[in-house]
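Okay, so here's the structure we're looking at.
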Amino acid sequence: MAMRGGAVVTFEDFFPVMVERLGARGFMEELSKGFRLLMDKEKGVITLESLKRNAGLLGLSGMSDDDVRSMLREGDLDGDGTLDEKEFCVLMFRLSPGLMKGSKEMLEEAIDS
């Protein structure tokens, strides 16, 4: 649950259902598609500008610059101020309690297939 514009927004974790339906490899392909939708096409990474520009695709068009920066910082593992595809996927896993529980098994399935 989060606050947005004074209203309470409930986050529902659909990722485990997606994994169940698509399989591990299919789910990872969907995450990659999501990354490509949000990334800066010239730089090949998600930047502050590309995330702000494409936030509407996620239903987050009203986010402040500080909120967008905070999202980037949360997933930026190498400190370069952007998210590469690996950082984006790791962030998506971290934001999904259901995926965190079964992440080892899912990784093994993706590697084996």
Side-chain angles (χ1 to χ4, degrees):
M1 203 163 32
M3 292 294 290
R4 183 168 163 217
V8 175
V9 177
T10 303
F11 172 76
E12 188 161 346
D13 188 1
F14 290 108
F15 286 169
V17 174
M18 290 176 67
V19 171
E20 192 175 302
R21 290 189 179 159
L22 300 172
R25 184 171 299 280
F27 178 72
M28 294 305 293
E29 289 171 5
E30 289 302 310
L31 281 182
S32 291
K33 287 178 189 177
F35 171 78
R36 288 191 298 276
L37 276 174
L38 297 172
M39 77 176 191
D40 179 299
K41 306 301 184 225
E42 293 176 13
K43 297 178 180 175
V45 293
I46 297 173
T47 64
L48 175 67
E49 294 77 23
S50 71
L51 188 54
K52 283 175 27 181
R53 183 175 48 250
N54 297 311
L57 297 171
L58 302 173
L60 303 172
S61 55
M63 290 183 68
S64 70
D65 286 0
D66 286 341
D67 289 339
V68 175
R69 274 189 203 89
S70 185
M71 283 180 69
L72 280 175
R73 274 194 304 272
E74 179 75 23
D76 182 14
L77 301 175
D78 62 10
D80 67 355
T82 66
L83 298 180
D84 61 25
E85 189 169 357
K86 176 183 163 190
E87 290 171 323
F88 175 77
C89 290
V90 168
L91 178 61
M92 294 300 99
F93 269 76
R94 288 177 47 212
L95 293 175
S96 171
L99 282 183
M100 288 302 291
K101 290 179 192 170
S103 60
K104 181 179 180 204
E105 293 81 13
M106 191 175 114
L107 178 61
E108 290 169 352
E109 179 188 331
I111 290 171
D112 291 339
S113 38

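Everything numeric in this text was worked out from a predicted model, so none of it was measured.
To the nearest 0.5 Å, atom CE of residue Met71 and atom CG of residue Leu91 are 7.0 Å apart. Note that the CG atom of Leu31 and the CE atom of Met18 stand 7.0 Å from one another [nearest 0.5 Å]. With rounding to the nearest 0.5 Å, the separation of CG in Leu83 from CG in Leu51 is 7.5 Å. One distance of note links CZ of Arg36 with NZ of Lys33; it measures 7.5 Å at 0.5 Å rounding.
Taking all atoms of both residues into account, the shortest heavy-atom contact from Val90 to Leu77 is CG1-CD1, 4.2 Å.
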List the steps, then state whether side-chain contact (heavy atoms from CB on, under 4.5 Å) holds for Met39 with Ile46.
CA-CA 4 Å; Met39 77 176 191; Ile46 297 173; 4.2 Å; yes
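Under the 4.5 Å side-chain criterion, counting only non-hydrogen atoms from C-beta, Leu72 is in contact with Leu48. Residues Arg53 and Asp40 are in side-chain contact: their nearest non-hydrogen atoms beyond the backbone lie under 4.5 Å apart. With contacts defined as side-chain heavy-atom distances shorter than 4.5 Å, the pair Thr82/Lys43 does not qualify. No side-chain heavy atom of Ser70 sits less than 4.5 Å from a side-chain heavy atom of Glu74.
In this structure Asp66 satisfies the salt bridge (charged side-chain N to carboxylate O under 4.0 Å, His left out) test together with Arg69, sequence neighbours excluded.
Below 30°, between 30° and 60°, or above 60°: for Phe88 and Phe35 the angle between ring planes is between 30° and 60°, a tilted geometry.
Between Glu49 and Lys52 there is no salt bridge, since no side-chain N of the basic residue sits under 4.0 Å from a carboxylate O of the acidic one.
By the criterion of side-chain heavy atoms lying less than 4.5 angstrom apart, applied directly or through intervening Ile, Leu, Val, Met, Phe, Trp or Tyr residues, Val45 is not grouped with Leu37; the two fall into different hydrophobic clusters.
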